[in-house]
Amino acid sequence: MNNKSIKQKAWRFLLPVLGLMPALASAEDKLSSGDTAWMLTATALVLFMTIPGLSLFYAGMVRAKNGLSVMMQCFTITAVMTVIWAIVGYSIAFGGAGDWWGGLDKMFLKGVTVDALSGSIPETVFMVFQMTFAIITPALIVGAFAERMKFSSMLWFTMLWVVLVYAPIAHWVWGDGGWLGGKGILDFAGGTVVHINAGVAGLVAAIIVGKRKGFPRTAMPPHNLMFTLMGAAMLWVGWFGFNAGSELAADGTAGMAMAVTQIATAMAAVTWMLAEWISHGKPSALGIASGAVAGLVAITPASGSAGPMGALAIGAAAGLTCFVFVAKIKPSLGLDDSLDAFGVHGIGGIVGALLTGVFCAPSLGGAGFGDGIESIAGQVAVQAFGVGATFIYTAVMSAVILLVLKVTIGLRVDEEGEMEGLDLSQHDERAYIL
């Protein structure tokens with residue numbers, strides 16, 4: 001066979017392969033109707049977590065004179081964070097490559113058109129999905145300073161916080177080129193970005209704003225635990241969008257994320273209930289609801305990497321650790337974290353982030369370590385570094401924002417307004433007309 005014949009046969013073989021290359025190159029960016037349908041659903045589920053889920057969960061735990069104010073805060077945060085995310089937040093978090101932030105190229109959602117894709121889904125869907133995370137995270141902080149912060153101060157704090165704290169940390173972990181993501185940190189759905197972030201901000205806010213009048217001498221029981229249980233149930237259901245949706249596709253990883261979310265949540269709820277039963281003699285509705293949320297929080301960073309048995313362990317650890325902190329440690333510190341934003345989200349987030357480094361191990365049924373990491377010790381070290389970096393940055397920036405607001409517009413309602421209740425003093429309305 002001469003050289004010419006060999007070349008002709010080679011080209012006849014290569015041409016079909018070369019013809020496939022453009023299709024293969026663009027396969028990652030091809031729209032999937034199945035993935036899109038799932039992400040539209042997941043986005044609605046995560047929004048459902050804030051309104052009405054978190055709104056009811058928090059409103060039931062405060063006194064009757066403040067129930068409407070907490071729901072008003074969550075509702076308003078939903079609206080305001082939507083606007084901020086569209087203007088600048090999305091660009092800072094996901095606008096482009098960078099170690100620290102995504103830049104401002106996508107301000108006002110420039111380039112986010114009907115044809116723009118993010119992987120296999122429309123970029124509009126990805127943007128709104130991430131928007132729902134930017135909504136619920138500052139709303140979680142409300143639980144730490146409930147019943148005493150001025151509505152105007154709450155608005156300024158959350159607006160500045162989502163731009164200066166939330167959006168940059170979201171880029172660090174999830175954004176293109178983010179420095180924490182580059183270290184191999186595993187945070188599938190927001191253990192650091194959402195829960196540790198919100199919990200630490202809540203801790204700082206509770207300290208700087210100060211304790212409620214009469215705390216801890218005056219009894220301040222929840223006024224409607226049925227609201228709280230309904231809200232917890234809505235959070236539980238909505239969390240499937242939060243965790244399974246973070247795969248951004250309808251595939252096996254999303255299915256496992258849903259499974260481990262259910263298992264860890266149930267285990268944490270049972271663990272908290274049993275711990276309270278043994279410690280106080282009776283199980284409570286507030287306890288089992290708090291345990292369920294602690295489990296949801298803790299499994300969040302591990303939902304894309306832990307297996308079912310890892311989920312059981314993470315749920316048990318979160319339920320017990322958060323119970324001990326809320327029931328034993330918090331009272332000894334005299335901390336007035338009104339609705340346990342730090343006790344559940346901060347502590348639960350830390351437990352989950354660290355245990356993600358353990359139960360991601362293939363030998364324990366996990367999906368594997370982060371890029372460049374080959375051992376449980378190495379992964380736990382990276383997880384701990386991410387926890388520490390988030391804790392320090394969030395604490396410092398939150399304190400700066402709060403202290404600036406304190407010396408300019410003030411943080412607290414006056415004593416008369418606090419005694420009257422924020423429903424009347426801040427909104428001139430009542431939750432109940434009896």
Side-chain angles (χ1 to χ4, degrees), residues 49 185-192 194-196 199 229 232-233 235-247 251-279 283-327 340 343-370 375-377 379-380 383-384 387:
M49 290 169 64
I185 191 172
L186 295 177
D187 186 0
F188 191 70
T192 49
V194 176
H195 298 292
I196 296 173
L229 278 175
L235 286 168
W236 191 331
V237 173
W239 222 286
F240 293 123
F242 201 85
N243 285 357
S246 290
E247 170 64 358
D251 61 13
T253 299
M256 181 59 78
M258 173 173 279
V260 297
T261 297
Q262 178 69 13
I263 291 166
T265 304
M267 190 66 193
V270 170
T271 301
W272 188 306
M273 181 186 71
L274 292 175
E276 186 177 50
W277 205 338
I278 293 167
S279 178
S284 72
L286 179 59
I288 197 169
S290 299
V293 174
L296 290 163
V297 168
I299 196 59
T300 290
S303 54
S305 55
M309 295 305 99
L312 278 176
I314 290 170
L320 183 60
T321 305
C322 291
F323 168 76
V324 170
F325 184 88
V326 169
D340 296 312
V344 172
H345 295 276
I347 298 298
I350 291 169
V351 169
L354 295 177
L355 291 182
T356 297
V358 176
F359 292 104
C360 68
S363 60
L364 297 175
F369 302 110
S375 67
I376 290 175
Q379 189 67 59
V380 171
Q383 299 299 112
V387 169

How many angstroms lie between atom [atom1] of [X] and atom [atom2] of [Y], to the nearest 0.5 angstrom?
X    : Y    : atom1 : atom2 : value
M273 : S290 : CE    : OG    : 13.5 Å
E276 : L286 : CD    : CG    : 7.5 Å
I263 : S303 : CD1   : OG    : 12.5 Å
D187 : Q383 : CG    : CD    : 7.5 Å
H345 : I196 : NE2   : CD1   : 12.5 Å
L296 : L235 : CG    : CG    : 7.5 Å

Smallest separation among heavy atoms of [X] and [Y], with atom names:
X    : Y    : value
A254 : A244 : O-CB, 3.4 Å
V297 : G348 : CG1-C, 3.6 Å
T300 : W239 : OG1-NE1, 2.8 Å

Could you pull out every donor-acceptor pair under 3.5 Å between side chains of residues 359-367 and any protein atom, sequence neighbours left out?
none

**Message:** side-chain contact (heavy atoms from CB on, under 4.5 Å) for T253 and F188? Distances and angles first, verdict last.
**Reply:** CA-CA 11 Å; T253 299; F188 191 70; 4.0 Å; yes
Can you give me every donor-acceptor pair (side chain of residues 306-325, partner residue at least two apart or in another chain, under 3.5 Å) with its distance?
unit_1, atom_1, unit_2, atom_2, d
T321, OG1, A317, O, 2.7

Got a list of side-chain donor-acceptor pairs under 3.5 Å for residues 350-357, not counting sequence neighbours?
unit_1, atom_1, unit_2, atom_2, d
T356, OG1, A302, N, 3.4
T356, OG1, G352, O, 2.6

**Minimum side-chain heavy-atom gap W236-T261 below 4.5 Å** =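 They are not in side-chain contact.
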**Prompt:** So, do N243 and I299 sit near enough that their side-chain heavy atoms are less than 4.5 Å apart?
**Reply:** yes
